[in-house]
Novice: 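The structure that follows is given in the form of structure tokens.
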Amino acid sequence: MIYDQARYTEDDEKHEPLLAEKNEMTLEIGGSESPLPEELTREELTLPSLSEPELARHYTRLSQMNWSIDSGPYPLGSCTMKYNPKFTEDVAADPNAAIHPDRSAKSSQGNLGVLYGLQEYLATIGGMDAVTLQPPAGAAGEFTGILIAKAYHDHRGNDRSEVIIPASAHGTNFATAAMAGYDVVELPSDDGGRVDLEALKAAVSEETAALMLTNPNTVGLFERDIVEIAETVHDAGGLLYYDGANLNALLGRGRPGDMGFDIMHYNVHKTFATPHGGGGPGAGPVGVVKELTEFLPRPRVRKTANGTYEQFDPDHSIGKVHGFGGNWLVLIKAYAYIARLGDVGLADASAKAVLNANYLAEQLEMDVPYGPFHHEFAATAGDRDAADVAKRMLDFGVHPPTTKWPEMVPEAMLTEPTEIESKRTLERLAAAFNAAYTDSDDTLETAPSRTTASRIDQVAAARNPRLSWQALGENSLE
Ligand SMILES: *Cc1c(COP(=O)(O)O)cnc(C)c1O
């Protein structure tokens, strides 16, 4: 359906869809009544005009060309592609939930209550004292968290210049520290794949603003020395930042706050089952300990003495990192998911995530150099090319894991089956891993051969996208 933008008024009566009559229609836009500057408007815009079945077929065809968690297992290590329960979509689609964020607090108590409830849930889960829901992704949460660390040090008149990050960390950690204006000090791993305590002791100084860490780390190993790590950083006057991408391993069992972390982000779209990927909206709430709450982004939501909810600005807020309270439709799904599972359900999810990773790894013919691991593991494709093995896995109807990262494992296949897969699916996944890993060189080099598209030039696809509602190329009759 195409809406006539030019005739849009706030009067709903006039906001009628135009019915498609032919394959193309020309819309008159702009004109003297347009509120937009003339140089930004066009006189005419030619749009395809399609019937509903044609449109439905277009999107259904596109969805079948792409892989999704609804079509099969998706064991993308560190990215955590888990099931997005359909009931959370219903909650988000409730028209009563979709109110304009500029509405007064008085007329949006229900929504503010949900945001407050989610702040409280996340604080409890992470062992933090206060949470902001504003950052729109994990990376944005990191950036927010490190800006909070900077504001804290600056406020105390204690300017610091360095952030310490393990070599195995996610690329966004390095980017975050650099964007916040810090020099990055890279920390090597010890032989077992964990933080090298001696190297950490040598690296901390009066210049240390923070150490960024995920636990379990990016090869799924729990940092057993976390208490000593925290003490080392705190003794030097630094803060401990927790990258929450791997919270799935700890959910309901261990809390970053109890381990000594001062700031953390939650990848709501990895841990709390809201959709993920494709550049779509996400959420990366940030939790902090008491000493840091006054620096959180504004506004936050609080409960007043008479039980109503209101928004307020923390005293020394770093400002805004996103519009309004954050990505509401993502946040309400996270709230619904946590509320439905409860503490027992969340602890059960982490237990199954760890069990599934271990059950899967046990059946692989590939080596897994580091362990014991938790919710994910990094297998090595050895003398095979991990990307080729991954491409071949697609031919067996499963999505491959993350490849070639982290670099401490050569030809890494970082695998996270998540808690949602059945024993049967895990066995099917293992069979696909093993068949691809042991396939002939010729087959691997030309794989995949059973998918809609084979090896795509990703740069060209991004630079010169062919956007059409019609089938193009070999399969086209035109
Ligand atoms: C995914 C991920 C991030 C970044 O999160 P986004 O939500 O994708 O921005 C950071 N660290 C780790 C370890 C991750 O896996």
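Just so it is clear, the structure is predicted and the values come from calculations on it, not from any experiment. Excluded from the calculations below are hydrogen atoms, water molecules and symmetry mates; all remaining heavy atoms, backbone and side chain alike, are included. Sequential numbering from 1 along the given sequence is applied to the chain's residues. In each ligand, atom 1 is the first atom listed, and ligand 1 is the first ligand listed.
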Novice: Quick one: sort the Tyr152 and Phe295 rings into parallel, tilted or perpendicular, breaks at 30° and 60°.
Specialist: perpendicular
Novice: Looking only at the side chains, is there a donor atom on one of Glu294 and His316 sitting less than 3.5 Å from an acceptor on the other?
Specialist: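 Per modelled atom types, Glu294 and His316 side chains form a pair under 3.5 Å.
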Novice: Are any protein N/O atoms closer than 3.5 Å to the N/O atoms of ligand 1? If there are, list each pair with names and the distance to one decimal place.
Specialist:
residue, atom, partner, partner atom, Å
ligand 1, 5 (O), Asn267, ND2, 2.9
ligand 1, 7 (O), Gly138, N, 2.7
ligand 1, 7 (O), Asn267, ND2, 3.1
ligand 1, 7 (O), His269, NE2, 2.6
ligand 1, 9 (O), Gly138, N, 3.3
ligand 1, 9 (O), Ala139, N, 2.8
ligand 1, 11 (N), Asp243, OD1, 3.2
ligand 1, 11 (N), Asp243, OD2, 2.5
ligand 1, 15 (O), Ser78, O, 2.9
ligand 1, 15 (O), Ser78, OG, 2.5
ligand 1, 15 (O), Lys270, NZ, 2.8

Novice: Would you please say whether a donor-acceptor pair under 3.5 Å links the side chains of Tyr83 and Glu419?
Specialist: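 Checked: Tyr83/Glu419 side chains show no N/O donor-acceptor pair below 3.5 Å.
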Novice: Between Tyr74 and Ile420, is a side chain to side chain contact (heavy atoms under 4.5 Å, CB included) present by the stated rule, with each step listed?
Specialist: CA-CA 10 Å; Tyr74 210 137; Ile420 63 169; over 6 Å; no
Novice: Mind checking the CG-CD spacing from Leu213 to Glu223? Nearest 0.5 Å is all I need.
Specialist: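 Going from CG on Leu213 over to CD on Glu223, the span is 5.0 Å.
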Novice: Can a donor-acceptor pair be found between the side chains of Ser350 and Arg253 at a distance below 3.5 Å?
Specialist: yes
